[in-house]
Amino acid sequence: MAAPIVIEAVKLRAAVRHIVLAGGSNEREAALVADNLVLANLTGHDSHGIGMLPQYILAVVEKRLTVNAAPTVTGDHGAILNLDGNMGYGQVIGHDAMELGIRRARELGVCIVSLRNSHHIGRIGHWGEQCAAAGFVSTHYVNVVGRPPLVAPHGGSDARFATNPYCCALPATEPGGEPLVLDMATSKIAMGKVRVAMNKGEQVAPDTLIDAQGNPTTEPRTMFSQPMGAILAFGGHKGYGLAVIAELLAGAFTGGGTIHDGNWTRNTITNNMLSVIVDPAKLGGAANWRDEMAAFVKWVKASKPAPGTDEVLVAGEPERRAKAKRLAEGVPVDPTTWGEIVAAGESVGISASQTNAAAGIAT
Ligand code: NAD
């Protein structure tokens with residue numbers, strides 16, 4: 001496998017911004033998309049980082065993604081906001097949807113944001129972190145429509161839904177502290193991680209995929225060939241159960257639709273998300289949740305590491321560690337992914353040498 005190209009985060013951001021701008025986006029949109037994608041790489045989630053850009057740009061070119069769109073408020077019920085994302089860049093729609101929800105939660109103590117019809121909203125932890133940075137507790141349920149299903153139901157042998165992520169984020173307990181962010185696909189791994197494994201020429205872990213006949217396989221290509229295999233849900237029937245809840249809360253209850261309609265040929269990653277944003281100052285533990293949370297996290301982390309483990313972590317810590325490392329050392333990008341990004345730039349009039357120069361790559 002070819003060695004990765006290591007690119008400084010700030011230069012990666014510049015290259016992405018340049019390409020998004022060339023796709024017709026305004027400065028704000030290009031900045032939000034570039035920040036979001038590069039942060040996904042920095043936090044170690046290459047599956048939701050700059051590797052998504054070629055798909056986004058193709059969707060822009062084919063007019064399946066609307067540039068410079070904003071969410072429309074389709075229903076305002078005080079503590080419940082219904083939004084339509086108008087198939088805009090999820091990085092903008094997600095950001096603006098959370099801003100609207102946070103503003104309302106500041107007034108009323110809580111806001112449920114029902115968002116439908118957004119293009120890919122990326123790493124859901126990004127939205128949890130936005131709420132946590134504003135001091136709010138939040139949970140987010142997400143489904144994916146517009147593309148073929150990827151994940152098999154527990155006990156099933158073919159894909160029936162997508163990797164339906166779930167996120168819960170709790171604000172930091174002290175100024176300048178870090179939030180606790182559980183952010184996960186309900187599948188054993190995210191689809192983007194299958195793509196990353198394939199691009200790197202690696203196999204995935206056992207018990208992650210089944211082939212088109214329903215047999216276990218470690219070959220990522222089974223998800224990129226026809227007939228397609230499926231990813232398994234995490235935690236057997238429990239992860240499967242959470243995936244179904246996410247599908248229905250995000251799909252049926254927002255009006256964005258569930259995947260069963262078979263309308264996959266538009267081949268556009270459409271996300272729907274139901275978010276609950278709560279002001280902890282209005283909950284029963286307002287007086288001492290910070291002390292409780294800090295003490296509990298300390299207590300959990302004090303568990304003696306199991307053999308083969310260095311340290312007990314809590315959700316969000318692996319991402320922060322990856323970020324510190326990659327900010328210092330640069331972001332590794334596999335040559336296949338970089339080639340796809342350069343080609344995406346060319347499709348909107350940015351030459352390979354311009355993209356490479358923006359990223360600081362000597363050619
Ligand atoms: P993951 O398995 O890497 O991590 C899941 C969670 O576990 C994270 O909160 C992480 O902090 C925590 N964690 C990891 N290792 C830990 C450890 N040793 N101790 C304690 N906690 C630990 O994440 P994933 O399931 O592969 O999801 C990757 C990303 O894909 C997420 O950001 C998710 O939102 C995103 N996603 C998005 C979509 C979409 O349609 N937009 C679909 C699926 C997934």
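Indexing begins at 1, ligand by ligand and atom by atom, following the structure's order. These values consider heavy atoms only, across backbone and side chains, with no hydrogens, waters or symmetry-generated copies. Since the structure is predicted, the reported quantities are computational estimates derived from the model, not experimental observations.
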Less than 3.5 Å between some nitrogen or oxygen of [X] and one of ligand 1, yes or no?
X: Ser187; result: no
X: Pro165; result: no
X: Glu319; result: yes
X: Val142; result: no
X: Val314; result: no
X: Gly122; result: yes

For ligand 1, which atoms sit closer than 4.0 Å to a heavy atom of [X]?
X: Leu313; answer: 19 (N), 20 (C)
X: Gly316; answer: 11 (O)
X: Arg123; answer: 32 (O), 34 (O)
X: Thr163; answer: 42 (C), 43 (C)
X: Val144; answer: 40 (O)
X: Lys193; answer: 3 (O), 23 (O), 24 (P), 26 (O), 28 (C)
X: Ala315; answer: 9 (O), 11 (O), 21 (N)

### Query
Can you tell if the side chain of Thr254 reaches within under 4.5 Å of the side chain of Leu115, non-hydrogen atoms only?
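Not touching, per the 4.5 Å side-chain cut-off.
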### Leu37 side chain near Gln91 side chain, heavy-atom distance below 4.5 Å
yes
Just by distance, do the side chain of [X] and the backbone of [Y] share a donor-acceptor pair under 3.5 Å?
X: Gln354; Y: Ser351; result: yes
X: Thr268; Y: Thr270; result: no
X: Asp76; Y: Gly78; result: yes
X: Asp211; Y: Gly229; result: no
X: Glu247; Y: Ile259; result: yes

### Query
Considering the options Tyr166, Trp127, Phe253, which one meets the ring-ring contact (aromatic ring centres under 6.0 Å, His included) requirement together with Tyr141?
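Looking at Tyr166, Trp127, Phe253, the match for Tyr141 under the ring-ring contact (aromatic ring centres under 6.0 Å, His included) is Tyr166.
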[X], portion touching ligand 1 at heavy-atom distance under 4.0 Å:
X: Met184; answer: both
X: Pro318; answer: side chain
X: Asn271; answer: side chain
X: His120; answer: side chain

### Option of least heavy-atom distance to atom 33 (C) of ligand 1 (set: Leu180, Leu182, Asp183)
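The nearest heavy atom belongs to Asp183.
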### Query
If you look at every heavy atom in Lys11 and Gly360, which pair is closest and at what distance?
CD-CA, 3.9 Å
Can you tell me which residue and heavy atom of the protein come closest to [atom], and the distance to 0.1 Å?
atom: atom 36 (N) of ligand 1; answer: His48 NE2, 3.1 Å
atom: atom 28 (C) of ligand 1; answer: His45 ND1, 3.5 Å
atom: atom 25 (O) of ligand 1; answer: Ala185 N, 2.8 Å

#### Entry: Over 12 non-hydrogen atoms of neighbours within 6.0 angstrom of CG in Asn288
yes
### Task
May I ask whether atom 2 (O) of ligand 1 is less than 4.0 Å from at least one protein heavy atom?
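Looking at atom 2 (O) of ligand 1, one finds that no protein heavy atom lies closer than 4.0 Å.
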### Query
Leu232, Met198: one ILVMFWY side-chain cluster at the under-4.5 Å cut-off?
no
### Hphob cluster co-occupancy, Ile112 + Leu100, side-chain heavy atoms under 4.5 angstrom
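No, Ile112 does not connect to Leu100 through the hydrophobic network.
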### Query
Quick check, are the ring centers of His126 and His48 under 6.0 angstrom apart?
no
